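Okay, structure first, notes after.
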Amino acid sequence: MSDLRLMLERGAEAAVRGLLGCVLVHESHGVLRAGRIVEAEAYTQDDPASHCFRGRTERNRAMFGPAGVAYVYFSYGMHHCMNVVTGREGVGEAVLVRALEPVEGIEAMIAARGWEGRPLRDLCNGPGKVCRAMGIGPGHYGADLLAGGALRLEPGRRRRGETVRLTPRIGISKAVELPRRAVLERSI
DNA sequence: GATAGGATTCACT
DNA sequence: GTGAATCCTATCA
């Protein structure tokens, strides 16, 4: 039982902070891509903005799975977004990965996004961009991120001078005021 | 069976 | 800053 799993099982509101600094890794076609999670949002079952607010459906069933599996969904007809499922099995909770700081395989990310010659800071600073750059898609729906597979989550360290700030969420129309978005910031 | 709207991104003004 | 692209899901008739 890893520390990471225990942390995720504690629930979305704890996990949204704990996930910051952790590293998302994807190995495909012999290429390794990795990025530190620097922005995330918690979604729980009692949250009107959550996909599982109205109960279990065919689309959101992964959110009710065990902590550590991926919930990938399709949005706005053109983007995929990835969540890390939290809480106990049977509870609909997850943390949306909103932004990464590229660590490894940056060239592959740039190629996947068609981002040649553009600002690096805009490569992974959005949930749709994260999936595109990392090569995450519907095929990863329900994948176990803690099992050491091709797509996995690894513990990360928070660096000196970095702090977690909780802010209202963005991009949604319901329950916007809840401070369930966590951002990793350099305080110096 | 039909329709409204969305946990977004990008290009353009 | 504003608006278009684009399609799946949930919800309603």
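Predicted model, so just to flag it, every value in this text is computed and none were measured. Just so it is clear, the values below take in all heavy atoms, side chains as well, and ignore hydrogens, waters and symmetry mates.
- Rounded to a whole Å, the CZ atom of A:Phe74 is 13 Å from the P atom of B:dT9.
- For CZ of A:Arg88, the number of neighbouring non-hydrogen atoms (other residues, nucleotides, ligands) closer than 6.0 Å is 12 at most.
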(request) Walk me through it: do A:Arg180 and A:Glu41 pass the test side-chain contact (heavy atoms from CB on, under 4.5 Å)? (result) CA-CA 6 Å; A:Arg180 290 185 173 171; A:Glu41 283 179 4; 5.8 Å; no

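- Relative to the six-membered ring of A:Tyr43, A:Arg169 meets both conditions, a distance below 6.0 Å and an angle of at most 45° to the axis.
- There is a path of hydrophobic side-chain contacts, each under 4.5 Å, that joins A:Val164 to A:Ile37.
- For the OP1/OP2 pair of C:dC8 and a distance below 4.0 Å, the side-chain nitrogens and oxygens of A:Ser75 include no atom meeting the criterion.
- Interatomic distance, SG of A:Cys131 versus NE2 of A:His79, reported as 11.0 Å (0.5 Å rounding).
- Remark: aromatic rings of A:His140 and A:His80 are distant, center separation not under 6.0 Å.
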Name the pairs: protein N/O against N/O of nucleotides 10-13 of chain C, kept only if under 3.5 Å.
unit_1	atom_1	unit_2	atom_2	d
C:dA10	OP1	A:Thr57	OG1	2.4
C:dT11	OP1	A:Arg54	NE	2.9

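- Around CD of A:Glu185, the count of heavy atoms belonging to other residues, nucleotides or ligands within 6.0 Å exceeds 12.
- Regarding A:Arg181, its CZ atom lies at a distance of 14 Å from the C1' atom of B:dT8, rounded to whole Å.
- Heavy-atom minimum distance, A:Arg33 versus A:Gly105: CG-O, 3.8 Å.
- Taking a 4.0 Å limit (strictly below) on heavy-atom distances, residues 77-89 of chain A reaches DNA chain C at A:Gly77, A:Met78.
- The distance from atom CZ of A:Arg169 to atom P of B:dT8 is 11 Å, rounded to the nearest whole Å.
- Membership of an apolar cluster is not assigned to A:Leu178, as no side-chain contact below 4.5 Å to another ILVMFWY residue is traced.
- The nearest pair of heavy atoms linking A:Leu24 to A:Met134 is O-CE, 3.4 Å.
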Expected list for residues 66-73 of chain A: side-chain donor-acceptor pairs under 3.5 angstrom, two or more places apart:
unit_1	atom_1	unit_2	atom_2	d
A:Tyr71	OH	A:His51	ND1	2.9

Pairs under 3.5 Å (N/O, protein and nucleotides 10-13 of chain B):
unit_1	atom_1	unit_2	atom_2	d
B:dC10	OP1	A:Arg113	NH1	2.6
B:dC10	OP2	A:Lys129	NZ	3.4
B:dA11	OP1	A:Arg118	NH2	3.2

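- At the phosphate of B:dT8, OP1 or OP2 sits under 4.0 Å from a side-chain N or O atom of A:Arg98.
- Residue-environment remark: CZ (A:Arg10) stays at or below the threshold of 12 foreign heavy atoms within 6.0 Å.
- Residue contacts shown for A:Ile172 are limited to sugar-phosphate atoms, with no base heavy atom under 4.0 Å away.
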(message) Expected output check: what is the dot-bracket annotation of DNA chain C, where ( ) and [ ] are pairs inside the strand (brackets for crossing ones), | is paired with another strand, and pairs are Watson-Crick or G-U under 3.5 Å?
(response) |||||.||||||.

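- At a threshold of 4.5 Å between non-hydrogen side-chain atoms, the residues A:Leu96 and A:Cys81 count as touching.
- No hydrogens or angles were tested; on distance alone, nothing pairs the side chain of A:Tyr76 with the base of C:dA5 as donor and acceptor under 3.5 Å.
- In this structure, A:Asn83 contributes its side chain and A:Val85 its backbone to no donor-acceptor pair below 3.5 Å.
- For the pair A:Asn125 and A:Ser173, both in contact range of DNA chain B, the more 5′-proximal nearest nucleotide belongs to A:Ser173.
- Distance, A:Tyr43 OH to B:dG6 P: 12 Å, rounded to whole Å.
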